[in-house]
Amino acid sequence: MFRRSSYASVAAGNSGQSAAPTRSGAFSHLAGSSPNSGPQVHYLSTSYSQRNSRSVDVDGHNMMSTSWGRTGPLPLYSSQFGYMNGYVGGNPDGPLPSFFVPSYLRGSKHAENLEEVHKARVAAHREREYRSTHSPNTGSLSTSSSSVNLHKGASSHRGMTHDIVERTPVFIDEPVAPWPTKWSDTDRYAQLEVEEGGRLAKFAGAQKPHDEAASVRADYPMPPQCGIYYYEVTVVSKGKDGMIGVGFSGPKVILSRIPGWEPESYAYHGDDGQCFSNTTSGKPYGPKFGTLDVIGCGINFRTGTAFFTKNGHYIGTAFKDLKPNQLYYPTVGMKRPGETLRANFGQEPFAFDIDKMVQAEKASIQDEIARARYPYKDEIDETDLIQELVRQYLTRDGYVDTARAFKEEVVEEAMALATDGTAALPYVEVEEDLDAINRQKIRAAIVDGDIDKALKHTSAYYPSVLRDNENIYFKLRCRKFIEMIRRCNELHAQCHPVPTPPSKRSTTSNFNNRNSTATDEYDFEMELDEQLGVHNNAASWGDRADINADDDDDIEDKEAKLGQLTTETIEYGMELKSEFSNDPRREVKRALEDTFALIAYENVRESSLAPLLDTAGRMPVAEELNSAILVSLGKSSSAALERLVQQTEALVNELAEDGGSGAFVNVRRDFLQ
Amino acid sequence: MSSSTVSVSAATPTQHVFYRKINEIKPSKADINFVIMDYLISEGYPRAAEKFAKEANMQLPVEEESIQSRVEIRKAIYAGDIDTAVNKINDLNPQILDTDPALHFALLRLQLIELIRTCTSTATSDITPALNFASSQLAPRAATNPDFLKDLELTMSLLIFLPSDNLQTQLAELLKPSLRRDIASRVNEAILCSVGARGEARIRSLVRLRLWAEAKARDSGKDLPPFIPLGLQDADNSVNEANGNSEAADIMVQ
């Protein structure tokens with residue numbers, strides 16, 4: 001054991017027990033660092049990119065980046081961010097706009113996309129920080145274990161984060177349109193002052209002549225991909241006679257006029273309650289508004305309409321036939337000294353129940369989808385189609401036993417339905433070839449954590465696959481290392497029982513009862529070993545039996561075994577490193593860094609890297625290998641069901657692009673989970 | 001690892017840009033497996049579900065004790081044994097049929113159809129049981145709802161035409177096995193809803209979403225290839241797909 005910790009401390013430099021915060025803990029740090037915020041207000045100190053300069057400012061208290069589980073999904077992400085309130089002014093470190101999701105957009109596809117981008121920015125920033133404070137030599141072994149310290153003194157890195165997107169698991173080809181976060185500091189009339197980090201707009205200066213005013217646009221246009229976009233302003237002071245216009249305008253509309261008067265601008269005016277579009281003559285619309293009123297402005301991109309609310313009450317549709325491809329920025333304009341407006345772009349709860357409106361819109365679209373049927377019912381039966389999709393997926397992906405059971409059950413079902421004994425059986429032939437069984441074996445080995453066996457089988461049956469797919473080979477090798485560390489951890493836990501209550505994550509339950517299969521194949525394994533001349537590792541990593549060995553096993557025995565395993569793990573790690581350390585690919589370097597960071601921890605399960613150890617990580621590797629084998633056999637890499645999902649998402653994206661009904665559908669969240 | 005893609009794109013210069021967009025989307029296997037498991041459980045394939053849990057390293061959803069009953073009820077409905085089905089449904093939860101008169105009526109009507117089928121199978125048989133059943137069980141319910149009444153009248157007209165080889169489509173529909181299947185599936189969904197589960201298997205919603213999205217996208221003039229095949233029929237037509245000239249026979253094509 002001591003060997004490992006000493007190795008770790010050498011490798012990680014200053015880390016030792018630096019115990020990076022767990023993911024949830026990270027956010028409490030953020031809250032703690034804001035001096036004048038209530039308990040419900042959280043800071044997220046990573047900045048959001050500006051329209052003109054895509055840069056990231058992160059100051060010393062950005063702890064977030066220390067705690068990403070870098071691989072694996074982040075299911076809690078959206079809920080955590082949903083409540084993240086933004087900048088509230090008075091931040092001692094200077095204005096730092098934050099990332100937030102307006103309540104009505106939580107769970108939407110667009111919000112997820114923006115979160116991905118944001119995550120990538122944070123990760124990229126972390127990498128910069130890391131690179132700038134570490135020499136390359138120590139670097140590959142520690143990364144995040146010590147990054148708590150890295151942020152100190154690393155002040156700001158402007159304009160360095162262009163190449164961030166490539167690390168996200170989701171491919172974001174086209175830039176994701178951000179939503180407005182504040183009033184623009186530049187896109188404003190000079191006499192209009194912007195304060196409180198862009199939330200407050202205030203008329204300062206002399207009164208304007210009759211037909212002039214001062215307007216300001218938000219930093220970004222309202223993204224049509226939201227489907228419905230909505231923001232609110234509070235009239236902090238209406239000045240002398242409340243010549244205030246709230247609405248939206250195109251990017252080129254001159255700012256010396258109140259919105260609504262110019263072409264491509266639309267607004268609701270406080271002094272007369274009229275709404276104006278493209279012209280100086282308004283039409284009667286709603287009540288007048290003044291100090292302390294909360295005015296909301298929303299666009300429904302699907303219907304091309306706009307509406308306003310006052311103090312939480314819907315007033316009605318103000319404008320119809322908005323052009324679909326026009327950019328509209330939230331815009332306010334004022335005329336009199338002292339007039340002051342405070343904007344809420346979703347950083348805070350809204351006065352109007354916009355969530356309900358969006359929900360209703362979603363529900364009506366879901367209804368429409370549920371009613372979709374094939375036009376020629378006789379030719380295509382939905383139930384048959386689905387059975388076929390499932391059947392094909394199961395056989396293609398090598399779920400041999402499942403496919404067999406499914407077939408039997410489907411046949412039984414069809415027989416039961418046959419009124420006259422002449423049922424058309426849905427499918428009789430199941431391509432249960434040797435190939436499917438081989439692939440099943442390989443998958444089973446990976447799922448059991450027995451990477452050696454999987455490698456052996458793969459090179460025996462499909463020799464070209466690992467050669468042609470070096471990235472998969474690399475992943476398998478990394479996975480093996482992870483499995484070794486897993487076992488070290490488990491043995492360690494057995495030798496040194498922790499007095500604290502057991503962690504929620506149950507480790508043993510993840511092991512399948514595949515021991516029987518393992519023995520069945522024993523002879524075959526031997527044979528294969530001889531055939532291939534594969535050298536077996538001294539401690540066969542695939543043999544799981546000894547992990548759950550009797551408790552009365554001598555602790556000393558285990559200590560010895562642990563010592564041996566630890567040595568072997570480190571040896572294997574060195575081997576792995578020397579094999580791949582010269583690989584120029586960025587993702588390979590990254591994976592190596594992550595993997596090696598694991599050994600820096602005394603107890604990885606308590607660390608932020610715990611997700612790496614999760615057995616759930618086996619499945620993606622297994623699937624990737626299976627796909628590669630299928631491709632090598634000349635078959636398409638994905639099953640029809642997967643293609644259906646791909647096509648569906650792509651189609652929905654098309655429909656969401658201009659704010660159509662697709663904007664209200666989140667395929668994954670609404671249909672796959 | 002974010003990493004490179006495994007999928008081999010058989011890109012050719014003629015490939016429609018939409019295929020590139022499709023290929024950029026990487027559905028997670030975990031999601032797909034979840035959808036499969038959801039389907040096996042909710043549409044009642046317990047043995048396959050059990051195997052799948054093992055093979056895909058997933059947890060078998062525990063809450064499902066109704067699965068065996070659901071399979072049996074389906075079997076009974078498929079076999080035309082509506083009495084047994086109704087009894088089993090009521091054993092499970094009598095509320096299900098009480099709170100869904102339309103479903104109850106559909107089951108009773110199915111029972112009537114089975115009676116009529118038996119009654120008219122030979123020229124000499126007696127139609128009294130069918131008439132009795134209709135007047136005692138269905139007529140009182142039909143009186144409360146014009147839709148029920150219309151369905152009942154249509155069903156009763158079977159008595160006049162049967163036996164016949166040349167029924168009008170509306171009547172022929174009533175004798176098809178697909179009616180049993182549809183009603184069995186409605187019963188299944190009702191049972192699932194009664195235990196607080198989502199009624200419909202996700203894969204069904206997904207197939208409809210796919211259908212809806214394509215129709216919608218074509219309606220709004222999006223630039224799409226003429227056909228977007230799934231590649232179900234021919235496992236090796238991925239090359240065709242990439243070229244966008246796959247057979248129109250593919251199942252998703254409208």
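Reckoned from all heavy atoms, side chains included, excluding hydrogens, waters and symmetry mates. What you see is a predicted model, and the numbers here were worked out from it, not measured in a lab.
The candidate with the highest count of non-hydrogen atom pairs below 4.5 Å against chain A, out of B:S220, B:A201, B:S185, B:P46, is B:P46. For the set A:E623, A:E409, A:R371, the count of heavy-atom pairs under 4.5 angstrom toward chain B peaks at A:E409. Ranked by heavy-atom pairs under 4.5 Å with chain B, the first of A:E649, A:Q440, A:E413 is A:E413. Comparing B:Y39, B:F34, B:F18, B:Y45 by how many heavy-atom pairs each has under 4.5 Å with chain A, the most go to B:Y45. Taking chain A as the reference chain and counting heavy-atom pairs below 4.5 Å, the highest number among B:I36, B:I77, B:V35 is found for B:I36. By number of non-hydrogen pairs under 4.5 angstrom with chain B, the leading residue of A:V652, A:T383, A:D658 is A:T383. Most heavy-atom pairs under 4.5 Å with chain B: of the set A:A639, A:G617, A:S661, A:G662, this distinction falls to A:S661.
Within the 3.5 Å criterion, the main-chain N or O of A:A628 finds no donor-acceptor partner in the side chain of A:N469.
Proximity to chain B is absent for every atom of A:L630, based on heavy atoms less than 4.5 angstrom apart. Interface remark: A:Y393 contributes side-chain atoms only to the contact with chain B (heavy atom separation under 4.5 Å). When heavy atoms are compared at a cutoff of 4.5 Å, B:R74 approaches chain A solely by way of its side chain, counted from C-beta outward. Only the side chain of A:N653 comes within contact range of chain B, with at least one heavy atom under 4.5 Å from a heavy atom of that chain. Looking at A:E368, both its backbone and its side chain come within 4.5 Å of chain B, counting heavy atoms on both sides. Using a 4.5 Å cut-off between heavy atoms, B:K222 touches chain A through its side chain atoms alone. Of the two parts of B:S205, the backbone and the side chain both hold a non-hydrogen atom closer than 4.5 Å to a non-hydrogen atom of chain A.
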Worked verdict on B:E24 versus B:R20 for salt bridge (charged side-chain N to carboxylate O under 4.0 Å, His left out)
CA-CA 6 Å; B:E24 271 167 20; B:R20 189 178 57 79; 2.6 Å; yes
List the steps, then state whether side-chain hydrogen bond (donor to acceptor under 3.5 Å, both in side chains) holds for B:N23 with A:Q646.
CA-CA 7 Å; B:N23 289 332; A:Q646 287 179 306; 4.6 Å; no
Could you please spell out the steps behind the salt bridge (charged side-chain N to carboxylate O under 4.0 Å, His left out) verdict for B:D81 and B:K88?
CA-CA 11 Å; B:D81 185 359; B:K88 280 185 189 291; over 6 Å; no
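Listed here is the closest heavy atom pair of B:S28 and A:R668: OG-NH2, 4.4 Å. Nearest heavy atoms, B:V207 versus A:I386: CG2-CG1, 3.9 Å. Listed here is the closest heavy atom pair of A:A640 and A:Q392: N-OE1, 2.8 Å. B:T155 and B:I116 get closest at one heavy-atom pair: O-CD1, 3.6 Å. Between B:I183 and B:A106, the shortest heavy-atom distance links the atoms CD1-O, 3.7 Å.
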